[in-house]
Amino acid sequence: MNPQVLDPNAYLEGLVRNALGELLGEEAAVLPVSLDRPRQPEHGDLGLPCFPYAKALKTNPAQAASMLAERIRPDTLVSEVRPTGPFLNFRFHPKALAENVVRGILEEKEPYGPWASNGLSVVIDFSSPNIAKPFHLGHLRSTVIGAALRRLYRFTGHEVHGINHLGDWGSQFGKIIVAWREWGDEKALQKDPMRHLFDIYVRYQREEKERPELKEQAAEAFRRLESGEENEERAIWKKLRDISLQAFQGPYKRLRVEFDHMTGESFYEDKMEAVIQELEKAGITTVSEGALVVEFPEQKIPPCILRKSDGTTIYATRDLAALFYRRETYHFDKALYVVGSEQKLHFRQLALVLEKLGWPQAKNVQHVDFGLILFFNQEKGRWEKGKTRSGNAIFLDEVLDEAVAGVKKIIEEKNPDLPDKEAIAEAVGVSAIIFNDLKNGRIKDVKFDWNEMLSFEGETGPYVQYAGARLSSILRKAGSSVPAMTQSIASEGGIDFELLSDATPVLLTMMEFGPTLKRALEKNEPSILTNLMIRIASEIHSFLRDHRVLGEDPDLTRARLALVAAGRKILETGLEILGVTSPERM
RNA sequence: GCGCCCGUAGCUCAGUAGGAUAGAGCAUCGGUUUCCUAAACCGAAGGUCACAGGUUCGAAUCCUGUCGGGCGUACCA
């Protein structure tokens, strides 16, 4: 009973690797094995392009495919090994495929359940909003991508430190202090802190142009703040910081985003001096135009500034101090910065500084960059950066509220008797926004479009959630559940997996879960997983059209319920990594 | 000027390390509900993968150039 569960994908890759090893010995280890789904299902369940092996085997790809085929015998899992020109195509026994995938998922075996620890420590720097500026759409990307990566790394066996590197320090704070002195209003602050701070900051920006003395005051304020004294500037800073921190909890809670550390820039206030000294000791600094910098003459890029000519520090100094601290504290093997692509140069500079210091992790300090949010300019007829028509930044809450309202309307239309409408509307609406942000490649600029954001059809979060809700509904009507089906499989006489032979396409797609996570990890790209979730949902919707679950022959119903439970489970697991919920009904 | 990124269907995008006949969604057109949720499904139509060369058995993918768009280019983050 309960023989070992295999990951068919990994198993087959192992067979190919063995065969390559037999033919080529150690040389085989460096060759890629990229099994993928053939475009034409008739070709097989998985196909292997044999072009890369031809050279090593001193033959042509077709011959290479045949040579490999001779060394891979069909067995209880693999039913067919067929060279087709330069490709080597495989087919699984449908029954064995079904059993291994369904059980793998329900019993939470790797790669469908949490992966065993790999002992690697990863720090992920994400979200990092500026204090005293509202949480707007721009922060959404870093937050949502970072949160997904944090979950992805954790799921795949990494020790993860998700850090919110709050923008709570820096010369901009001098401006905010001045703005607060000039126009701050206690009542307005209590009522809507972020809105008020935003308003006075915007006002500062405007008035700075006409009143140059403001600029001086702001610089002075930051100098006094950075002096370390318990002065008025520090009191204002602390007050505004606390209230902002409080206000950020709202969006984070709605997005279900968590951090392991909330160490913002100010955390490094007393740690920068030591780092500067260490860099000086390493002999990589120079003084240029009155500023302390690290120069990169060979790379032809501007220097990294450590201390400005007025003696104060800059974000690069704090980022370096943070890197030193994180190396000490978390012993990271990899450090990811989920920050917009406009800061590319900055992170290139940081990496170069670390290289100069001879840090072995330098190449694993990576900028996980993402594109801008663009708005359509009606007059000019094109997409551009930054502002809406009204000239204000769009607040995140506004977007979430709109989405939730849109969902509520659809519920009233389609499912008015749904219990717990409010909670489900919140879950579906917020998920739609998150999913939408994770759908496309990070690097792409996001074209902000209300219609698209508030659409819940096609490749959207609700579409995937809906597939899950349909599966839940079937389980519910059968008086079963995911845990119950997991039990049922383990019990005597469990499931006749032969009866799932017509589910091969959906099973093959679910089987892509493991390789997909690997690719998402390699590229720090959540959208790769998002796209798989869409494909799994699509396969499920199609399957449900042609296959009834309830009311069939009892054995068939039970087998299909096992598939339904596995589908439900894999959707939930994948969506959870992305930060999207899986409602039981919608 | 220089550096980096992008250009795939009307629109928004996928396209795994160069591999089999370039795929989705939206929009358009046609069909599916006495049947487990039609936020769904099935079908039709839609392409000079910006352009021109090159590399090779093979290029949307790699190289060079051109055009178009974006971001960055020392004391903001």
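Order of the sequence lines fixes the chain letters, A, B, ..., with proteins taken first and strands second; residue numbering starts at 1 for each chain.
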Within the 4.0 Å heavy-atom criterion, would you say [X] contacts the bases, only the backbone, or no part of the nucleic acid?
X        : value
A:Thr460 : nothing
A:Lys523 : sugar-phosphate
A:Arg560 : nothing

Among [options], which is the nearest nucleotide to the side chain of [X]?
X        : options             : result
A:Tyr463 : B:A40, B:A74, B:C36 : B:A40
A:Lys444 : B:A74, B:C13, B:U37 : B:C13
A:Glu342 : B:G72, B:A17, B:C13 : B:G72
A:Lys477 : B:C36, B:A74, B:C26 : B:C36

Pairwise [atom1] distance, [M] and [N] [rounded to whole Å]:
N     : M     : atom1 : result
B:U21 : B:U34 : C1'   : 42 Å
B:C6  : B:G46 : C1'   : 24 Å
B:A17 : B:G58 : C1'   : 16 Å
B:C5  : B:C42 : C1'   : 40 Å

Ignoring hydrogens and geometry beyond distance, is the side chain of [X] in donor-acceptor contact with the base of [N] at under 3.5 Å?
X        : N     : value
A:Gln172 : B:A77 : no
A:Tyr466 : B:A39 : no
A:Asn89  : B:A20 : yes
A:Gln40  : B:A20 : no
A:Ser171 : B:A77 : no
A:Arg39  : B:U21 : no

Between A:His541 and A:Tyr466, ring centroids under 6.0 Å: yes
task: Output yes if the stacking criterion (under 5.5 Å between centres, under 30° between planes) is met for A:Phe87 over the base of B:A20, else no.
output: yes
query: Ring of A:His346 versus six-membered ring of B:A77: centres under 5.5 Å and planes under 30°?
result: no
In whole Å, I'd like the distance from the [atom1] atom of [X] to the [atom2] atom of [N].
X        : N     : atom1 : atom2 : result
A:Phe435 : B:A39 : CZ    : P     : 17 Å
A:Leu345 : B:C5  : CG    : P     : 13 Å
A:Leu471 : B:A39 : CG    : P     : 15 Å
A:Arg442 : B:A14 : CZ    : P     : 12 Å
A:Ile301 : B:C5  : CD1   : P     : 14 Å

query: In the strands shown, is B:G1 matched to any nucleotide by a Watson-Crick or G-U wobble pair with both distances under 3.5 Å, and which?
result: B:U73
- prompt: Quick one: do A:Arg535 and A:Glu512 make a salt bridge, cutoff under 4.0 Å?
  reply: yes
- prompt: Got a salt bridge between A:Arg568 and A:Glu572, using NZ or NE/NH1/NH2 to carboxylate O under 4.0 Å?
  reply: yes
